[in-house]
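Protein chains get the first letters and strands the later ones, always in sequence-line order, with residue 1 at the start of each.
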Amino acid sequence: MEYNFKEIEARWQAYWAKNQTFKAEIDSSRPKYYVLDMFPYPSGAGLHVGHPLGYIASDIFSRYKRLCGFNVLHPMGYDAFGLPAEQYAIQTGQHPAVTTEKNIARYREQLDRIGFSYDWSREIRTCDPEYYKWTQWAFLKMFGSYYCNDSRKARPIEELVQAFETSGTAGVNAACGEEMSFTAAQWNAMSEKEKSDVLMNYRIAYQGETSVNWCPQLGTVLANDEVKEGYSVRGGFPVEQKKMTQWLLRVSAYAGRLLEDLEELDWTDSLKDMQRNWIGRSQGAEMVFKAYNGDQEYDMVIFTTRADTVFGVTFMVLAPESEWVEKLTAPEQKEAVEEYLAMARKKTERERLAETRKVTGVFSGSYAVNPLTGAKVPVWISEYVLAGYGTGAIMAVPAHDSRDYAFAKRFDLPIIPLIEGCDVSESSFDAKEGIMCNSGFLDGMTVKEAIPAAIDYVEQHGIGHRKINYRLRDAIFSRQRYWGEPFPVYYKDGIPQQMDPDCLPLRLPEIDEYKPTETGEPPLGRAKGWTIDGYPIEKSTMPGFAGSSAYYLRYMDPHNGNALVSREADEYWRNVDLYIGGTEHATGHLIYSRFWNKFLYDLGYVCEKEPFRKLINQGMIQGRSNFVYRIINTNTFVSVGLKDQYETTEIHVDVNIVSNDRLDIEAFRKWMPEFADAEFILENGEYVCGYGVEKMSKSMFNVVNPDMICDTYGADTLRLYEMFLGPLEQSKPWDTKGIDGVNRFLRRVWRMFYDRDGFIVTDAEASPEELKSLHKLIGKVQADIEAFSFNTAVSAFMIAVNELYELKCTKRSVLEPLVVLLSPFAPHIAEELWHALGHDESITYASFPEYVESYTVENTCTYAVSFNGKTRFTVELPADMPREEVDAHVRSMEQTAKYVGAGNIVKVIVVPGKIVNIVVK
RNA sequence: GCUCUGGUGGUGGAAUAGGUAGACACGCGGGACUUAAAAUCCCGUGGACAGAAAUGUCCGUACGGGUUCGAUUCCCGUCCGGAGCACCA
């Protein structure tokens, strides 16, 4: 009987679906394990072989955990709101919901063929009103909350209102946009609008005017992580800076906790590092410099991490957008300053990037006084100081900061070195080391001592205080697009009002065109009757990350109409034990999700403070492109080995008509009309193509489709091969050429059960050799799965099966555990063989075989090794080793042991005929 | 510029904690079975040198040093690739 994968795979996929084999239910008698994939955005192109890599890995782990007795939750869904469907809608007029639906169907079909053990009864889609109801709900909660810095928690905004009513801002320590100070009387005297504006300064979801990344081609605002090098990640359009009123999430309030709680997560160091970098904690001090514009005196606050360098301040710099600019511009400099500001404003993000290190600036005409030295220094304005960080103003110490140095050189400002022996004639001395000089009471201290000493001084004299700043900015939360969650907010006399939560979801209305309106409003401006009680509803929609921030919680209880997740489901499933996905979400989704979870945690809706306990980033599968070489101005192609003899152009050729780098010439002629009469210069009768590793994409003709692999080799082969390709976390090129090896392996497994005449498994007792092979495999596979080293696990299978095949093992007591071991990797064939062995239930309910170590013990004799006349340790050598060889080994060990000290010897490695190696503690 | 990664045969990659480098697989070469092909199976396959052969010797994990009885693995420096951040004071 032949291994008929097509029939087997179709049959078991149908069986699992029909019997709901992977349906997860709360079961307090068993430990839970939650395995999650980053859900896909269903694009029109469908899946290529790179996409399922992570899904296969998580599926293997899920199936393994089930065998180990865990109640596994392994769901899947779709991140279905997003720009591509909407762009497509603008071009074709087709409703994004229709394209999305179609793409999802295609994705599902492709996923189903690979044999994943998802509980599809829990499928979610972010564009489903029953789902986005809870996205809107969470938004309302954030709108109705502020962040208390004392308790480090989100609290209902009503508590803040109450505090304002009784004692104003006194005693309030809340995360906010700008520091405010008013009394209870002042608060109570405020108008509705004024109160609303004040509260906006504190709400966790708030409206604010900020400089945003504006993409004119997409007609929308983008978040920082949606912009790469001045271009939009989706579409690659240029992005510029623009001031706009937007909804924002006060993610920055959580910066400290987001940073600290990284410690307890089982994530890779590099990923944690990226997040740390993005959060960007820096410890320093805020200091007040008195600044004078004519007779007017102002307190100008700056932030620095190098308080020790205050004696070297020779000028101050303000960000162009800083509020101090207006106050500190002297009349005689007004014109120059305005000209500079206009120039800075006009620049796009792209231009600023292109001009990195080009030093620009203008003198404000005012001066500030150094609070420690009393020195009078000029106040400048320059782009290199960012308004959004710190206080938007700095003290410049050109001797010890390279940016200040460049500025000082450009505008000829003085440079005062503060560290003994440093040379600042060519460049600044930025390192935090050396002995201080020219610094009054700090002289003689090391920099490390001077920093805290300077801050202490500043605090004692009321000049400033310690301060921690974060780079993490609040997330801009509105998009001027159609295909996203509507905001459940309407405006009454310009004051935003929250919608009644009981009326959620607020459904996305139908519109007839998806472009922005003629007046520049978002597409929802076209919606008729987009009002609540006659008041206009917010016209922008939420960004992509809104729907993906809490989706893992919804999977726990996907059909609950009364809560995002019930307490019971939340307390059982808690959080994701294993999360697998790409590293591209390191500073986007993975920050927002953690923030969102912490917010819900503060309000008591979830019981875990972190959403993803362990996280693995699968590497990208790259394409392996093939090239042909056309001789210039001809239609003649030359084989790669001979191409240097001609002048050629390199042309991508479809990898699907190339096998082992040999071109299928007939297929090539049919591939494109222009090649129909192509001529070839061959080597050894073949046309050999060149190759290169690139991103897998249609334009490179290197896309390999998983359906095609399933058709010719089967899903089990695809799964095994994707794992065999290399370490999960590493990027590697796909090359279909090697797939025969794993296919051969599966056929060999099959032949251990079936020969030409039928089933050949016997109940005979297994030999020690067979058991040894089996148990070596059990130990290895278990260890490898736990370590996510799936490629070596597959190799171990091949070795074991080769051994057993050679031993002609057809014994049930060996083959049964073998099939169970194999089932996470190649579930279809395993299920088939499991049933052939006489089991009625799915192999999903089998138990992971128990590892017995004693089978691995070799046949050995024990010898004593001695030196200095005493037996120091014993060593086991193969019993059949000749006496002379044993003597040689023992002598050699005695030699080595003299060097090492016998007590340090842990293990002795003996190789027949070779020198002994000694493992030392 | 800063942070993180990685560099091993023709190819993808192995090598628990510093101990036989190149497992496993692809490809390639040779052979068996077959009328033939497919399938299957067996043998060889890092390099150089010596030998008729079994085999032996030397060199080899980007490069240069170091620690160690012993380094692909640890440390320092250099070169090259990949990723992230990028005027964050």
In whole Å, what is the span from the CD1 atom of A:I785 to the P atom of B:U16? 19 Å
Using a heavy-atom cut-off of under 4.0 Å over every strand shown, decide if A:N660 touches base, sugar-phosphate, or nothing. sugar-phosphate
Please give the distance between the C1' atoms of B:A38 and B:U55 as a whole number of Å. 39 Å
Paired nucleotide for B:A23 [Watson-Crick or G-U wobble; both distances under 3.5 Å]: none
Measure from the side-chain heavy atoms of A:Y805 and tell me the nearest of B:A89, B:A25, B:C41. B:C41
Phosphate-side-chain proximity, A:Y384 and B:A89, N/O vs OP1/OP2 below 4.0 Å: no
For B:C63, the nucleotide meeting Watson-Crick or G-U wobble distances (both under 3.5 Å) is B:G77
Starting at atom CD of A:E584, determine the distance to atom P of B:U5, rounded to an integer number of angstrom. 19 Å
Think A:N791 has a side-chain N or O under 4.0 angstrom from the OP1 or OP2 of B:A23? no
Could you tell me whether A:I799 contacts a base, only the sugar-phosphate backbone, or nothing, with contacts defined as non-hydrogen atoms closer than 4.0 Å? sugar-phosphate
By nearest atom, which of the nucleotides B:G13, B:C26, B:C42 is closest to the A:K732 side chain? B:G13
Expressed as a whole number of angstroms, how long is the span from A:R276:CZ to B:A86:C1'? 19 Å
For B:C58, which nucleotide is its Watson-Crick or G-U wobble mate, given both distances must be under 3.5 Å? B:G47
Hunt down the Watson-Crick or G-U wobble partner of B:A71, both distances under 3.5 Å, from any strand shown, or write none. none
Rounded distance in Å between the C1' positions of B:A15 and B:C24: 12 Å
pair_partner(B:A38), Watson-Crick or wobble, both distances < 3.5 Å, evaluates to none
Distance check: side-chain N/O of A:T792 vs OP1/OP2 of B:C24, anything under 4.0 Å? no
Phosphate OP1/OP2 of B:C41 contacted by A:R748 side-chain N/O (<4.0 Å): yes
Determine yes or no for a side-chain-to-main-chain donor-acceptor pair under 3.5 angstrom, with A:N702 supplying the side chain and A:K695 the backbone. yes
Donor-acceptor contact below 3.5 Å, side chain A:S731 vs main chain A:G619: no
Expected output: side-chain A:N617 to main-chain A:I580 donor-acceptor under 3.5 Å: no
Does B:G9 adopt a syn or an anti glycosidic conformation, taking syn as a chi angle within 90° of 0? syn
Got a salt bridge between A:D269 and A:K272, using NZ or NE/NH1/NH2 to carboxylate O under 4.0 Å? no
Base, sugar-phosphate, or nothing: which does A:R747 touch, judged by heavy atoms less than 4.0 Å apart? sugar-phosphate
Counting any heavy atom closer than 4.0 Å, what does A:V794 reach on the DNA or RNA strands: base, sugar-phosphate only, or nothing? nothing
Between A:Y721 and A:N277, whichever has its closest RNA chain B nucleotide further toward 5' is A:Y721
Nearest-angstrom distance, C1' atom, B:G84 to B:A48: 44 Å
OP1 or OP2 of B:U3 versus the side-chain N and O atoms of A:R471: is any pair under 4.0 Å? no
Rounding to the closest angstrom, what is the interatomic distance between B:G47 and B:A32 at atom P? 25 Å
Which nucleotide in the set B:G27, B:C42, B:A89 lies at the smallest distance from any side-chain heavy atom of A:K737? B:G27
Which of these nucleotides, B:C42, B:A89, B:C24, is closest to any side-chain atom of A:I394? B:A89
Name the residue closer to the 5' end of RNA chain B, choosing between A:Q730 and A:A783 according to the nucleotide with the nearest heavy atom. A:Q730
Using whole Å, report how far CE of A:M798 lies from C1' of B:C24. 7 Å
Pairwise P distance for B:U11 and B:G27, with rounding to whole Å: 15 Å
Is it the case that over 12 heavy atoms from other parts of the model lie below 6.0 angstrom from the CD atom of A:Q283? no
Which nucleotide, in any strand shown, forms a Watson-Crick or G-U wobble pair with B:A14, with both distances under 3.5 Å? none
B:G9 pairs with, by Watson-Crick or G-U criteria that keep both distances under 3.5 Å: none
Base paired to B:A86 (Watson-Crick or G-U; both N/O distances under 3.5 angstrom): none
Go through B:G84, B:G13, B:A89 for me and flag the one nearest to the A:P727 side chain. B:G13
Quickly work out the A:N469 CG to B:A89 C1' distance and round it to whole Å. 10 Å
Specify the separation, in whole Å, of atom CG of A:L318 and atom C1' of B:C87. 16 Å
Under 4.0 Å, heavy atoms only, any strand: does A:D269 hit a base, just the sugar-phosphate, or nothing? nothing
Could you give the OH-to-P distance, from A:Y691 to B:U11, as a whole number of Å? 6 Å
Using atom P in both nucleotides, what's the gap between B:G77 and B:U73 to the nearest angstrom? 16 Å
If you compare every side-chain N and O of A:R744 against the phosphate oxygens of B:C26 (OP1, OP2), does one of them come in below 4.0 Å? yes
Whole-Å P distance, B:C63 and B:G10: 14 Å
Determine the contact category for A:D404: base if any of its heavy atoms lies under 4.0 Å from a base atom, sugar-phosphate if only primed atoms, P, OP1 or OP2 are that close, otherwise nothing. nothing
Expected output: side-chain A:H400 to main-chain A:D430 donor-acceptor under 3.5 Å: no
For the ring pair A:F411 and A:F315, is the centre-to-centre distance below 6.0 Å? no
In whole angstroms, how far is the P atom of B:A14 from the CG atom of A:L725? 11 Å
Plane angle bin for A:Y3 and A:W750 - parallel if under 30°, tilted between 30 and 60°, otherwise perpendicular: tilted
Nearest to the side chain of A:D273 - B:A25, B:C85, B:U3? B:U3
Closest approach of A:R662 and A:E686, non-hydrogen atoms and distance? NH1-OE1, 3.0 Å
Whole-Å C1' distance, B:A71 and B:C76: 15 Å
